[in-house]
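To keep things clear, I will list the structure first and then write my remarks on it.
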Amino acid sequence: MKIFRGSDAPFRPGDTSTFAGPVHTKPLASAQEGTPVHVYHVQFDAGGRTNWHWHSGAQWLLVTEGRIRVQVEGQQAHDVDTGDAVMFAPGEKHWHGAVPGGRGVHLAVNVNAETTWLEPVADEVYEPTFDPAG
Ligand code: MN
């Protein structure tokens, strides 16, 4: 058994080359033997989100606080709540972040995965505006 104390490492601002807006993250746990697994704790405040990216292995998100917005390229966005979980398949291009105007926190469990970071999520994709003329 190995215990990973959440208090052992501070949250740090998200890397601005891979995140946008107010994001704080820290590694929580990892295992290198057998199937590599990495667990991250990520806090998004309003406007905070990842860039578009994909993982070479599966990624699981476990929502621990607030509400998280997730979107796979070419699909509509979905909002998920505290207690919900999301799985992204290997190679699936996606982003995750806070819902607009709200806060969301998730654990991210990356299973045997390298992450390829892509372009930022445009504001109009993150928060589509209602067009009454449309
Ligand atoms: Mn991801």
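One-based numbering, in listed order, for ligands and for the atoms of each.
For the residue pair Thr115 / His55, a side-chain donor-acceptor distance below 3.5 Å is found, with atom types taken as modelled.
Both cation-pi conditions hold for Lys93 and Trp52: the charged atom is under 6.0 angstrom from the six-membered ring centre and inside a 45 degree cone around its axis.
Taking the six-membered ring for Trp and the full ring otherwise, Phe44 and His24 have centroids separated by 6.0 Å or more.
Between Arg67 and Asp84 there is no salt bridge, since no side-chain nitrogen of the basic residue lies less than 4.0 Å from a carboxylate oxygen of the acidic one.
Here Thr50 fails the criterion, with no N, O or S atom under 2.8 Å of the Mn ion (ligand 1).
Rounded to 10°, the angle formed at the Mn ion (ligand 1) by NE2 of His53 and NE2 of His96 is 90°.
With respect to the Mn ion (ligand 1), His94 has NE2 as its nearest N, O or S atom.
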